[in-house]
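Below: the structure, in structure tokens.
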Amino acid sequence: MALTLYHNPRCSKSREALALLRERGLEPEIVEYLKHPPSPEQLREILQKLGLTADELLRNSEPEARSLGLTGPSAPHADILIEAMCTHPRLIQRPILIHGERARLGRPPEAILEIVH
């Protein structure tokens, strides 16, 4: 079964996750999501596989999150967060590994190994 890694090569956690996979002889399909962001439908599917809500996948420390009003007690509805993450992919937590119907957020990077055995 194919592995897909939503990857940011400039992120140390993402690079660590890729190295962990390669150390085990696994070569995922790499999606550089900053260059090729997921569509809202794809992101909803990823969230379902992760078992996370949109606000849990949001990198609320990014300046865009604050400037777009996506954080805080009056955070917008999930659909708005999903649209914002697809428009501004830096807002998506990373890395994300998908293996069939399962997915893991690589926070910490070793968490991705839970679905490759």
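Everything numeric in this text was worked out from a predicted model, so none of it was measured.
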(message) Main chain of L20, side chain of R24: is a donor-acceptor contact present, judged purely on distance under 3.5 Å?
(response) yes
(request) Check whether the side chains of T53 and E56 place a donor and an acceptor atom closer than 3.5 Å, and report yes or no. (result) yes
(request) Indicate the atoms forming the closest heavy-atom contact of L97 with I115, along with that distance. (result) O-CD1, 3.6 Å
(request) Any pair with a residue in residues 39-51 that passes salt bridge (Lys or Arg N to Asp or Glu O under 4.0 Å), sequence neighbours left out, goes on the list, sorted by first then second residue, please. (result) R44-D79, E45-K49
(request) Go through the structure and list residues passing side chain to side chain donor-acceptor pair (under 3.5 Å) with E27, not counting sequence neighbours. (result) R22
(message) Hydrophobic clustering (ILVMFWY, side-chain heavy atoms < 4.5 Å, transitive) - are L50 and L113 grouped together?
(response) no
(message) Assigning hydrophobic clusters by single linkage (Ile, Leu, Val, Met, Phe, Trp, Tyr; side-chain heavy-atom cutoff under 4.5 Å), is L58 placed with L34?
(response) yes
(message) Which residue is it: L5, V31, L57? I am looking for the one with a side chain to side chain contact (heavy atoms under 4.5 Å, CB included) to I96.
(response) L57
(request) Applying salt bridge (charged side-chain N to carboxylate O under 4.0 Å, His left out), name anything that partners R94, two or more places apart in sequence or on another chain. (result) none
(message) I need the full list of salt bridge (Lys or Arg N to Asp or Glu O under 4.0 Å) pairs touching residues 104-117, with sequence neighbours left out, sorted by first then second residue.
(response) R104-E114
(request) Can you see which heavy atom on P40 is nearest to which on E83, and at what distance? (result) CG-OE2, 3.4 Å
(request) Establish whether L18 and V116 are linked, either directly or via other cluster members, by ILVMFWY side-chain heavy-atom contacts under 4.5 Å. (result) yes
(request) Could you grab the distance from atom CG of D55 to atom NE2 of H77, nearest 0.5 Å is fine? (result) 11.0 Å
(request) Tell me, please, which residues at least two apart from Q48 pass side chain to side chain contact (heavy atoms under 4.5 Å, CB included). (result) none
(request) Name all residues meeting the side chain to side chain contact (heavy atoms under 4.5 Å, CB included) criterion together with A84; count only those two or more places apart in sequence or in a different chain, and write none if there are none. (result) L70, L91
(message) For R90, give me all partners under side chain to side chain donor-acceptor pair (under 3.5 Å), at least two apart in sequence or on another chain.
(response) E62
(message) What's the separation between atom OG1 in T87 and atom CD1 in I82, rounded to the nearest 0.5 Å?
(response) 11.5 Å
(request) Would you mind listing every side-chain hydrogen bond (donor to acceptor under 3.5 Å, both in side chains) that reaches into residues 10-20, with sequence neighbours excluded? (result) H7-S14
(message) Within this structure, what is the CD1-CG distance for the pair I30 and N8, rounded to the nearest 0.5 Å?
(response) 11.5 Å
(request) Sequence neighbours left out, what passes salt bridge (charged side-chain N to carboxylate O under 4.0 Å, His left out) with E32? Give chain and number order. (result) K35
(message) So, using side chain to side chain donor-acceptor pair (under 3.5 Å) as the criterion, who are the partners of T4 when residues are at least two apart?
(response) none
(message) To the closest 0.5 Å, what do you measure between CD (E29) and CD1 (I98)?
(response) 9.5 Å
(request) Give the minimum heavy-atom separation between Y33 and I92, together with the two atoms involved. (result) OH-O, 3.5 Å
(message) Would you say Y6 ends up clustered with L3 if hydrophobic residues are merged whenever their side chains have heavy atoms under 4.5 Å apart, either directly or through other cluster members?
(response) no
(request) Grab the two heavy atoms, one from I112 and one from G106, that are nearest each other, plus how far apart they are. (result) CG2-CA, 3.7 Å
(request) Please name the pair of heavy atoms, one in Q93 and one in L105, separated by the smallest distance, quoted to 0.1 Å. (result) CB-CD1, 3.7 Å
(request) Could you tell me which non-hydrogen atom of C86 sits nearest to which non-hydrogen atom of P37, and how far apart they are? (result) O-CB, 3.6 Å
